[in-house]
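To start, the structure under review is shown below, and the notes come after it.
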Amino acid sequence: MKKETIRPAKYLTGAVELPGDKSISHRYAMLAALAEGTSELRNFSAAADCHSTLGCMSALGAEVKTVKDTVRVTGRGAHGLRSSWRALDAGNSGTTMRLLAGILAGQSFSTKLTGDDSLQKRPMKRVIAPLREMGADIRGREDNFAPLEIHGAELRGIDYQMPMASAQVKSAVLLAGLFAEGVTGVTEPAPTRDHTELALEEFGASIEKSGQTIRVRGLGAGNGSGQLLAKSLDVPGDLSSAVFFLAAASLFPDSNVLIHNVGLNPTRTAILDVFAEMGAAIQMLGLKSSQGEIVGDLAVKGASLKGGVIAGERIPLVIDELPMLAALGPYTEEGIEIRDAAELRVKESDRIAALAENLRRMDAKVEERPDGLQVAGRVAGKLRGAEIDPRGDHRIAMAFAVAGLAAEGNTVIRDANCAGVSFPAFFSELNRLAER
Ligand code: S3P
């Protein structure tokens, strides 16, 4: 259990490249494994989570070769996955488990799918229910938790009204839809990240969107060759990782940081709107479209942050950035209030509880609520360095490392290796940019 000590910084300066987007890497790896031929996935995420996905796809028969950050996946074709003699291990990754459940539901074999202690506590009924409706036989502990036993079946297309705004649930149903008879539709109650739709299109699936409904045609139902095609793709840098540097640089008037090649898909950039409303000085530069996704650089300078309320339909669009926003609260004028975000309680940790506990350790004034929290702003006093327990959650560890840069005294992050779930080089990159 490695501890990382964060010393106060004067400002952040320099340029940084980020690991490839985690959400996109998962999807490209899964679709490449289902495609015919060899896909080359460049700037593939270094995140442990995405390597869990690669491990699962390789156990299902895809050939995976990794050279630095390029991954070559030779797929098995849409109907060529092989059963795995051992349980598939999704590690800490909810995306791996939920999206893969969709693919496995449509196979002609059974699979056991498991994960680490945190993942075994996260709700899976949200994917079990629609996949069952499509015809799969899925068993889980208490009908909700991993390990899951997925007995694949001949699926039928459904029209699924999602009860919650979750990109993972949407994606599980769409991926199962590839193996279903006819057309499968999913309607979301509020927009969520659309990387699955874009990736399906890139790999040659037949997909359409109208309003809040996305439809995919089963590969057996007249999609040309009935196959997905291998692709060469560049994964954009991960905006959810960029956010830690955007926040850290914003804290100091003399900061000047350039983040290269960041994914700026409009279903992910709500966080930049939140930052802009708070008074942050962030500029998007050199935007270009890249294989369905949008990519650009982000330049950030120090600013005086106002704070504010984050709630409603915006929540699913900034869900992974909420830990960083909450941990910035004590450095803002008015503080930060987060509402309508009960989902945070079923992420890699109970993020509302983890944020409240660790903010208090640093002397912040926090009110914890069932669906969010209120963090008092600067007037409530300065933050004090403390020992942080990230509860094994990468985004909690990174958020408090950033908060520690502007606190009085040192901050120690326990079990700091957990950052590797999304960003293995986080601490070295943060230390490289921080001037002391
Ligand atoms: C993700 C969707 C989000 C997000 C997660 C990644 C994805 O989860 O929190 O980190 O890649 O689809 P939900 O869809 O469950 O909200």
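We count ligands from 1, going down the list as the structure has it; atoms in each ligand are counted the same way. Index from 1, following the sequence.
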>> Is it true that, when you exclude K3 itself, more than 12 heavy atoms of the residues, nucleotides or ligands shown sit nearer than 6.0 Å to its NZ?
In response: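 Atom NZ in K3 is not crowded, with 12 or fewer foreign heavy atoms closer than 6.0 Å.
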>> Quick check on R414: does its CZ atom have over 12 non-hydrogen neighbours (other residues, nucleotides or ligands) under 6.0 Å away?
In response: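 More than 12 heavy atoms, drawn from other residues, nucleotides or ligands, come within 6.0 Å of this atom.
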> Is it the side chain, the backbone, both or neither of H394 that has a heavy atom closer than 4.0 Å to ligand 1?
Replying inline: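 For H394, no heavy atom sits under 4.0 Å from ligand 1.
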> What do we get for H195 next to ligand 1 when only non-hydrogen atoms under 4.0 Å count, side chain, backbone, both or neither?
Replying inline: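 Contact part for H195 vs ligand 1: neither.
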Considering distance alone, does some N or O of [X] sit under 3.5 Å from an N or O of ligand 1?
X	answer
A167	yes
Q168	yes
S166	yes

>> Check for me whether I319 has a heavy atom closer than 4.0 Å to any atom of ligand 1.
In response: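 Under 4.0 Å: yes for I319.
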Checking a contact table here: which protein heavy atom is nearest [atom], and how many Å away?
atom	result
atom 10 (O) of ligand 1	D320 OD2, 2.8 Å
atom 11 (O) of ligand 1	S23 OG, 2.7 Å
atom 8 (O) of ligand 1	K347 NZ, 3.1 Å
atom 12 (O) of ligand 1	R27 NH2, 2.6 Å

>> Quick test of your reading of the model: are K306 and E277 salt-bridged, counting only N-O distances below 4.0 Å?
In response: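 Salt bridge absent between K306 and E277.
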> In terms of side-chain heavy atoms, does E321 have a donor or acceptor partner in S240 at a distance below 3.5 Å?
Replying inline: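 Yes, side-chain donor-acceptor contact under 3.5 Å.
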>> Is it the case that the side chains of T53 and T96 hold a donor-acceptor pair, with the cut-off being a distance below 3.5 Å and no angle test?
In response: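 Yes - a donor-acceptor pair under 3.5 Å links their side chains.
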> Does the side-chain contact (heavy atoms from CB on, under 4.5 Å) test come out yes or no for L18 and N261, once each step is laid out?
Replying inline: CA-CA 8 Å; L18 299 174; N261 182 38; over 6 Å; no
> Taking only residues two or more places apart in sequence, or in another chain, which ones meet F244 in a ring pair (Phe, Tyr, Trp, His ring centres under 6.0 Å)?
Replying inline: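 Partners of F244 by the ring pair (Phe, Tyr, Trp, His ring centres under 6.0 Å) criterion, ordered by chain and then number, come out as F426.
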